[in-house]
K.L.:
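If you scroll down you'll find the structure; I have some questions about it.
Per chain, numbering begins at 1; letters A, B, ... match sequence-line order.
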Amino acid sequence: MALAREVALPGGTRIFEEGEKADRFWIIRSGTVALDVHMPGRGRVVVETIGAGSLLGWSWLCPPRQWHLAAETRDPVRAWEFDAAAVHDLCAEDTALGLSLVTVVAETIGDRLRATRTRLLDLYGPPGSQGSGPVP
Amino acid sequence: MTLTPLSYRVVDRRDETHDTVTLVLEPAANAVKPFAPGQFAMLYAFGVGEIPVSVSRIADGHRLTHTVRAVGAVSRALCGLRTGGWVGVRGPFGTAWDSAAAHGNDLLVIAGGIGLAPLRPLVDAVLAEPHAFGRLNVLAGSRTPADLLYQDEFPAWEKPFAAVTVDRPANGWTGRVGVVTTLLREARFTPSDTVAFVCGPEVMMRATARALIHQGVRPDLIRVSLERNMRCATGHCGHCQLGPLLLCRDGPVVGYDQAEPLLAVREL
């Protein structure tokens with residue numbers, strides 16, 4: 001935590017944009033952040049919201065180290081902000097810490113991948129829209 | 001009695017969403033027995049067919065409240081009924097949300113889509129005797145904001161805790177986006193002392209139950225509501241069989257400890 005600094009972001013703050021260099025990450029302490037992607041003709045489309053206790057940003061971990069989504073605060077957010085390069089250096093020195101950190105980040109990535117796959121099923125749509133045959 | 005539909009008249013009708021309607025029914029003469037939260041009726045659209053529909057509110061007297069989503073011929077016919085129309089009713093059928101098992105415990109009521117309808121009577125029951133339970137959390141996931149049921153009732157549920165998330169946000173939606181399990185982070189409960197009631201699409205219930213177990217909720221304290229092809233609703237025809245269970249009789253509400261191994265069997 002010595003590498004972290006506490007930040008307070010007002011609602012509506014653009015934290016990072018798609019394609020920018022991913023050089024930081026955050027642990028959200030309170031508030032909500034929306035992850036969005038720009039779609040021509042539709043503007044910004046929110047694909048997920050994350051809240052307290054969540055990791056914001058993992059693109060810093062592996063190349064090309066660019067944000068593949070954008071992030072904006074939905075309401076006032078308090079978070080711990082980490083400098084990615086400093087964390088990389090620390091993990092290189094302490095491989096056990098590095099493994100623990102990568103495991104935590106991988107868990108977050110896995111959670112979001114599973115959630116995305118589940119949403120691809122269009123769970124709440126009418127059964128007929130999923131090709132499940134005759135419905136009452 | 002349960003094999004013969006009784007005539008009920010539609011005395012109130014409310015459009016919940018673009019494809020979902022709540023009907024309030026009143027018996028023409030004889031009434032079916034009282035329902036418990038989670039139980040269902042077989043609703044007969046005259047000349048079209050019969051489908052199982054959970055009770056979505058339990059009121060005093062003999063009135064029945066059902067929320068129906070138009071997805072097929074029978075449900076479309078039911079949704080098309082106007083005040084004064086007639087419905088055949090058999091019931092009550094099936095197992096209930098056993099709220100007594102949750103006395104003294106925190107409660108998670110987790111709904112996906114129209115799964116909120118069968119859970120609403122449970123929420124009503126808990127709110128009617130709040131001191132009997134720990135903390136109540138109502139978590140709902142919906143396809144879009146426009147598909148969310150009972151939006152005007154959420155303010156009353158927010159006093160305990162209620163949260164909504166959608167898969168596909170519309171323009172102007174400022175709420176949460178993502179799967180319903182993400183709301184568990186904000187819910188107020190002690191996993192070891194929590195009973196969860198989950199209703200929605202089967203994949204959603206499996207994902208939710210796994211998330212709950214991962215957080216420390218006991219599988220036997222997770223209740224899910226399973227749907228299969230229910231025809232007779234009396235446990236005789238066998239259409240709704242799931243392994244050793246006839247879901248019209250032994251379900252739809254079952255413990256996840258019992259359901260989980262059955263749901264993992266393909267083509268069962």
K.L.:
Counting only heavy atoms not in B:H214, do more than 12 sit closer than 6.0 Å to its NE2 atom?
P.N.:
no

K.L.:
Is it true that, when you exclude B:E227 itself, more than 12 heavy atoms of the residues, nucleotides or ligands shown sit nearer than 6.0 Å to its CD?
P.N.:
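No, CD of B:E227 has 12 or fewer neighbouring heavy atoms, counting only those of other groups under 6.0 Å.
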
K.L.:
Please report the shortest heavy-atom distance between B:V179 and A:R119, naming the atom on each side.
P.N.:
CG1-CG, 3.4 Å

K.L.:
Counting heavy-atom pairs closer than 4.5 Å to chain A, which one of B:P169, B:A77, B:G141 comes out on top?
P.N.:
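Option with the greatest count: B:G141.
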
K.L.:
If you count heavy-atom pairs under 4.5 Å with chain B, which of A:I50, A:V46, A:V45 comes out on top?
P.N.:
A:V46

K.L.:
Using a cut-off of under 4.5 Å on heavy-atom pairs, state which of B:A45, B:S142, B:G200, B:A211 scores highest against chain A.
P.N.:
B:S142

K.L.:
Within a radius of less than 6.0 Å around CG of B:N171, do more than 12 heavy atoms belonging to other residues, nucleotides or ligands occur?
P.N.:
no

K.L.:
Which atoms of B:V180 are under 4.5 Å from chain A, going by heavy atoms: the side chain, the backbone, both sets, or neither?
P.N.:
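Its backbone and side chain both get close to chain A.
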
K.L.:
Spell out the residues in residues 52-61 of chain A that have some non-hydrogen atom less than 4.5 Å away from a non-hydrogen atom of chain B, in order of number; otherwise answer 'none'.
P.N.:
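At a heavy-atom separation under 4.5 Å, chain B is reached by A:A52, A:S54.
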
K.L.:
Taking non-hydrogen atoms and a cut-off under 4.5 angstrom, which of residues 103-118 of chain A neighbour chain B?
P.N.:
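Residues A:E107, A:A115, A:T118 are the ones that qualify, each having a heavy atom under 4.5 Å from chain B.
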
K.L.:
Is B:R185 in contact with chain A via its backbone, its side chain, both, or neither, using a 4.5 Å heavy-atom distance?
P.N.:
side chain

K.L.:
Is atom NE2 of B:H236 surrounded by more than 12 heavy atoms (other residues, nucleotides or ligands) closer than 6.0 Å?
P.N.:
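Counting neighbours around NE2 of B:H236, 12 or fewer heavy atoms of other residues, nucleotides or ligands fall under 6.0 Å, so no.
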
K.L.:
Do you know the tightest heavy-atom contact between A:R74 and B:T174?
P.N.:
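Scanning both residues completely, I find the closest heavy atoms to be NH1-O, 2.9 Å.
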
K.L.:
Identify the two heavy atoms, one from A:T49 and one from B:G175, that lie closest to each other, and give their separation to 0.1 Å.
P.N.:
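In terms of heavy atoms, the two residues are closest at CG2-O, 3.9 Å.
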
K.L.:
Could you look at B:D167 and say if it's the side chain, the backbone, both or neither that has a heavy atom under 4.5 Å from chain A?
P.N.:
both

